[in-house]
Every structure is written in structure tokens, then in C-alpha cells.
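Read through the structure below, which is laid out as C-alpha cells, and then see the notes.
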Amino acid sequence: TGAVYTIESFEVACANHFTPEELGIKIGDPMTTLKVLNAEQKVLELLSECGYPGSKIIDEQYIADYKTKTIAIHLKVDSGPEANFGSTTVIGAPHIQKELFENKIAWEEGTTYDTRLVDQTQKKLLDTGLFSSVIITHEQEKDGRVPMKIESMETKHKNINIGASYQTFFGPGLTFGWENRNVSGRGRTLSLKGDVTAKNHTGTALFFVPDCGRVDQDFAAQAQVMQEAIVTYHEHSYSITNRIERRIDTRYRFAVGLKVERLLVSNSVSNGTFTLTETPLYFRYSSANNLLDPTRGATLEVVATPAMNFSSFEKFYLATSVSYAFYKQATSSNFFVFANLITLNSIWSANLNSVPVPKRVLGGTDELLRGYKFKTVSPLHHDHKPIGGRFGLFYTLEARFRLSHTIGVVPFFDIGLVELSPFPKWHEKWYKSAGIGFRYFTFMGPIRFDVAFPLDRRKHIDSWYRLLVSIGQTF
């Protein structure tokens, strides 16, 4: 092998000034062909983000100093004329109205060309599920503008599905449904879905309208029938929900809804029939870098739900939930990540009986105290029946190790308590669970297998361990 040359300088002659650091070059580092090729590609990429889509490298000079074993690199770029977005032509997609494309286009005609807006538009169109492919190109610049062209190929918009399912707490089941993702040619979705397990039967009809009233604002109307039989209660419910959700860039989401529900509760500490109206208010902020496998960033979710029982105006309650998840890489890579989740639940009401049992705070889910039987962690009645509470505080810590491209190991620890009062008095027992999880990473996200052990096992209720399976990390 020959002598290793280090980079003395890296200069680019073009319409804009870029530092070596912006191009991924560090002065003094060993010079490699891959570094230079990546820097050249970065130059063209940055220029295309600030109005120069036709840039090309026309000359390269490498000046080596054999005495100092350094090399100076000079690139000359023909940036071409600065260009703005021109008119847009849509080709293909005969069953989709032009309005849908207009709502998804991220650029405005006459503004400075930016390839990031092109990529964003392509992603938005593909995310609708209406297209199998979307290709966006531009023609030669004319009078300072580049005409844009969107070529797309549609998928089948209607489908029928039937298959087997597995839910951690309800076991194996059957799922079936019908869906039309392009009602009226505007990308609106109408779906019918059924899920049947030994402990839970659910039927759902959903109508979803994207970009309702304005871009990045969606409307959903849902009707649902559900039957659920668990240790804490048996429930039959019939509900209709309307919801409007607004997105602000990629980090913020707001939603407001109205839900009317007929709820029949039996085999619980407080049986009855309830006719409820709920007005859930939802806020979410997330800087997490991945939905199914986050390794850095944080997510804050806040839900406030005022509710009223029609049978008695005194039975008003306000349920609030705040959860904060944050992720910290312990190494420079994704090999070791600390994941933390803090959840606070509180229900303000005149008394406990104002709140139906299924609406109360109950620990023992796939996120909160996962070692315990499903929705049983709360103060207990004298017959060992969970009462449900009005206050809950939970914390979960996971140490996520990525052992290889496809295999991960996740030891975890959960702690939490549930109290009958809406405010903490710290009288109730803190429950703890721990365990080990395994992750198999696929193209659609990690598949999760957890084995959780209740450290404060209640012999009349809990098993020695619980198995949990899902797609995606716990949180």
C-alpha cells in the first residue's frame, strides 16, 4: 500500500459558498475516493435545494504535495441559471381528481426551486396509499422557471381482506374487512372491519376525509360496536365518534372530537348502563426520529376528555392523560438506546361512581406494568375484583441493545401505582414488573417479543409471567 494522503483543502467554485464541513469533508482527514464522491454529490444536492436544479461538475483538480503527503481538491461547478418552480402537469391516475394532487404539492408556482419540496410531495402522494409509483421530474428551464411533471400509477383502491390475528391480551382471532380508499376520486376512505377473539368482538365502520377544509386537516367519522370480557369488567358498547385532526409540520398534531356512547357494564364492582358524551381534546408533539423504532428525540401526548352521563347531570367527569417518552443514545450508533416513558392519568369527578369502570385508571397494559393481568392494577374490592382508580402514575425504562442488523435485546423495568382519589395521596402500593424482550427487525419495523414478570404478584389474579407480542417498540 502507498502513503496515505490527508486533505489539505477542499474548494468549490459555484453559485453558492459551501464549507468543507457542509459537504462532509474534514480538513486533515485521510483522503478517500468515497469521501470525494459523496462531497460531489452533496454539492449538487445543496445547489438543487436553493434554486439550481441543473447544476453539474465540469472540472476537478487534485494537487498532491509529495513532501507533506497532503492533497488539495478544487471543484468547478456549472450551476446554471437560478430557477423557480413553473407550472405542473399530472400524467396518469385517471380515477383521481386533480384536487388531490394540488393539496399534496408542497411547492408554489413562482417560488425558488427546492428539491426537498419535490421529495416531500412524492412522499405525501405515496402515503395516501393510492399509488404504486410516483415519479416527479422537471423539464428544461424556460424564462427562469422549470415546468414540473408528476407521473403516477394507481393501485387498486378497493380490497377485501380476511385473516388470522394475534393480540397479546386477547389471544388468537379472526379479522376481516372491506375498504375503498378513493371515494369520489378524492382519496377519501370508507372501511368496514371486524375483529373476533375469545374475549373481544369489535365491528367498526370508518369514513376518513383527508385535507378537509384545508391542507393537513383531516376529518374522521366512526361507528363502533364492541363486546369485551376481562377480569375487571364485561362491557358492551355502541359508539359514534367524529374527529377533526390538524397537523402543523411533522412535529405537532391537534385534534378535537365528539363521541356519543351507549355503555353496558356488568361483572364489575359497579355495574350499570351509561349514555355518555365525550369531547376528547388531543395534542401531540414529537421529535422522535422513527415511529416504530425511535432512537433519539422525544414525544409528548396530552389528552383531556370532558364527559357527561345523560342519565344524571351530576355525573360529569374530566379525564386527563399526559405521557412523555424520550430516547437517548448511549453510544454514537444505535447499538445502545435508553428509552423512558412517564405517564400520568387523572380523573376529576364528584365521586368514583360517577366514572364507569371501563373509563377508570387501570394499570396492566403492554406499556404500563406489563407483567400484570390486563387492566387489573388498581385498589381491589374484598372479592379481589379491581375497582379502578382516578389517579395513576407510571414509569417504564427500557435498555435497547441492537446486537445485529436484525436482532435486538431489551431488558426493561416498570413501576406504577393507582389511587381511588383524583389526586395522589401516596397511600397505595407501588407495583413493579421487570423482564426481557427480544426484537427482530424487519423492513416494516421491529417485531416485539417480551417476557414480563410481576414483582409484586397477586396470587389470586396474576400469573407468574406474561408474554407480549406486537409490531414496533413498546413506545
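- Between the side chains of Gln224 and Thr204, at least one donor N or O sits under 3.5 Å from an acceptor N or O.
- No hydrogens or angles considered: a donor-acceptor pair under 3.5 Å links the side chains of Glu22 and Thr19.
- Ser286 and Thr299 make their closest contact through OG-OG1, 2.8 Å (heavy atoms, listed as atom of the first residue, atom of the second, distance).
- For the pair Asp195/His201, no side-chain contact is recorded, criterion being any heavy-atom separation below 4.5 Å from C-beta on.
- The CG atom of Asn242 sits 11.0 Å away from atom OG1 of Thr279, with the distance rounded to the nearest 0.5 Å.
- Counting heavy-atom neighbours within 6.0 Å of Ile471 CD1, excluding the residue itself, gives a total of 12 or less.
- For Glu82 (side chain) and Tyr52 (main-chain N/O), no donor-acceptor pair under 3.5 Å exists by modelled atom type.
- No side-chain donor from either of Ser237 and Ser239 sits under 3.5 Å from a side-chain acceptor of the other.
- For the residue pair Ser433 and Asp414, a side-chain donor N or O sits within less than 3.5 Å of a side-chain acceptor on the partner.
- In this structure, Phe336 places its CZ atom where more than 12 heavy-atom neighbours from other residues, nucleotides or ligands lie under 6.0 Å away.
- Thr343 and Ser323 share no side-chain donor-acceptor pair at under 3.5 Å.
- Using a distance-only test at 3.5 Å, with no hydrogens or angles considered, no donor-acceptor pair links the side chain of Thr115 to the main chain of Glu45.
- A donor-acceptor pair is defined here as one N or O able to donate and one able to accept, closer than 3.5 Å; such a pair exists between the side chain of Arg181 and the backbone of Lys156.
- Between the side chains of Thr6 and Asp29, no donor-acceptor pair is found at a separation under 3.5 Å.
- Residue Ser9 holds its OG atom at 7.5 Å from CD1 of Ile73, rounded to the nearest 0.5 Å.
- Here the OG1 atom belonging to Thr89 is positioned 10.0 Å from the CE atom belonging to Met148, to the nearest 0.5 angstrom.
- Heavy atoms of other residues, nucleotides or ligands lying less than 6.0 angstrom from CD1 of Ile436 number more than 12.
- In terms of modelled atom types and a separation under 3.5 Å, the side chain of Lys142 and the main chain of Gly86 share no donor-acceptor contact.
- No donor-acceptor distance shorter than 3.5 angstrom exists from the side chain of Glu108 to the backbone of Thr111, with no hydrogens or angles considered.
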Determine, step by step, whether Val361 and Ile347 satisfy the side chain to side chain contact (heavy atoms under 4.5 Å, CB included) criterion, reporting the C-alpha distance in whole Å, the side-chain angles of both residues, the deciding distance to 0.1 Å, and the verdict. CA-CA 8 Å; Val361 180; Ile347 302 175; 4.1 Å; yes

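- A salt bridge (charged side-chain N to carboxylate O under 4.0 Å, His left out) check over residues 247-258, counting only residues at least two apart or in different chains, returns the pairs Asp216-Arg247, Asp218-Arg247, Glu245-Arg253.
- In Gln140, the CD atom is not crowded: 12 or fewer heavy atoms of neighbouring residues, nucleotides or ligands sit closer than 6.0 Å.
- Ring centroids of Phe85 and His138 are separated by 6.0 Å or more, keeping the two rings apart.
- Within the 4.5 Å cutoff, the side chain of Val36 has heavy atoms near those of the Met31 side chain.
- Heavy atoms of other residues, nucleotides or ligands lying less than 6.0 angstrom from NZ of Lys193 number 12 at most.
- To the nearest 0.5 Å, atoms CD1 (Ile244) and CD (Gln217) are separated by 5.5 Å.
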Check against ring pair (Phe, Tyr, Trp, His ring centres under 6.0 Å), Tyr324 and Phe326: CA-CA 7 Å; Tyr324 181 66; Phe326 56 100; 5.4 Å; yes

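- The backbone N or O of Gly187 lies less than 3.5 Å from a partner atom in the side chain of Asn182, making a donor-acceptor pair.
- In this structure a side-chain-to-backbone donor-acceptor pair under 3.5 Å is missing from Thr189 to Phe208.
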Any chance you could lay out the side chain to side chain contact (heavy atoms under 4.5 Å, CB included) test for Leu341 and Glu367, step after step, and finish with the verdict? CA-CA 9 Å; Leu341 174 65; Glu367 291 181 356; 3.9 Å; yes

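- Ile7 has its side chain within reach of Ile25: a pair of non-hydrogen atoms, C-beta onward, lies under 4.5 Å apart.
- The distance between the ring centers of Phe441 and Phe443 does not fall below 6.0 angstrom.
- Judged by distance alone, the side chain of Ser79 and the main-chain N or O of Ala15 form a donor-acceptor pair under 3.5 Å.
- One distance of note links CH2 of Trp107 with CG of Asn84; it measures 13.5 Å at 0.5 Å rounding.
- A 4.5 Å side-chain heavy-atom check between Arg448 and Leu468 finds at least one atom pair inside the cut-off.
- Pro294 and Ala288 get closest at one heavy-atom pair: CB-CB, 4.0 Å.
- At a cut-off of 3.5 Å, with distance as the only test, no side-chain donor of Tyr113 or Glu141 sits close to an acceptor on the other residue.
- Note: Tyr395 and Phe413 fail the aromatic proximity criterion, with ring centroids not under 6.0 Å apart.
- Residues Lys149 and Ile91 share a closest heavy-atom pair of CD-CD1, 3.4 Å.
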Checking side-chain hydrogen bond (donor to acceptor under 3.5 Å, both in side chains) for the pair Thr295/Asn289: CA distance, chi angles, key distance, verdict? CA-CA 7 Å; Thr295 58; Asn289 62 330; 2.8 Å; yes

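- Taking the six-membered ring where the residue is Trp, Phe101 and Phe131 present tilted rings, their angle falling between 30° and 60°.
- The neighbour count for Phe254 CZ, taken as heavy atoms of other residues, nucleotides or ligands under 6.0 Å away, is above 12.
- Counting heavy-atom neighbours within 6.0 Å of Asp143 CG, excluding the residue itself, gives a total of 12 or less.
- In this structure, the side chain of Gln122 engages the main chain of Val134 through a donor-acceptor pair within 3.5 Å.
- Shown here for Pro306 and Ala304, the closest heavy-atom pair between the two residues is CD-O, 3.6 Å.
- With hydrogens and angles left out, the side-chain atoms of Thr121 and Asp119 include no donor and acceptor closer than 3.5 Å.
- By the 6.0 Å contact criterion, NZ on Lys124 is enclosed, its count of non-hydrogen atoms from other residues, nucleotides or ligands being greater than 12.
- What you find for Gly129 and Thr155 is that their closest heavy atoms are O-OG1, 3.1 Å.
- Salt bridge absent: Asp211 and Arg186 never bring a charged side-chain N and a carboxylate O closer than 4.0 Å.
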Give the intermediate values and the outcome of side chain to side chain contact (heavy atoms under 4.5 Å, CB included) for residues Asp65 and Tyr5. CA-CA 9 Å; Asp65 188 323; Tyr5 281 74; 6.0 Å; no

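- Side-chain atoms of Glu398 never come within 3.5 Å of backbone atoms of Ala339 as a donor-acceptor pair (strictly under, hydrogens ignored).
- Taking the side chain as every heavy atom from C-beta outward, Thr128 and Leu126 never approach each other to under 4.5 Å.
- Taking the six-membered ring where the residue is Trp, Phe283 and Tyr252 present tilted rings, their angle falling between 30° and 60°.
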Using side chain to side chain contact (heavy atoms under 4.5 Å, CB included), reason through Glu60 and Ile57 one step at a time and then give a plain yes or no. CA-CA 8 Å; Glu60 305 175 55; Ile57 296 173; 3.9 Å; yes

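- Centroid-to-centroid, the aromatic rings of Tyr372 and Tyr431 come within less than 6.0 Å.
- In this structure, Thr406 OG1 and Tyr440 OH are separated by 5.5 Å, a value rounded to the nearest 0.5 Å.
- Contact annotation: the side chain of Glu261 never approaches that of Ile240 to less than 4.5 Å [non-hydrogen atoms, C-beta and beyond].
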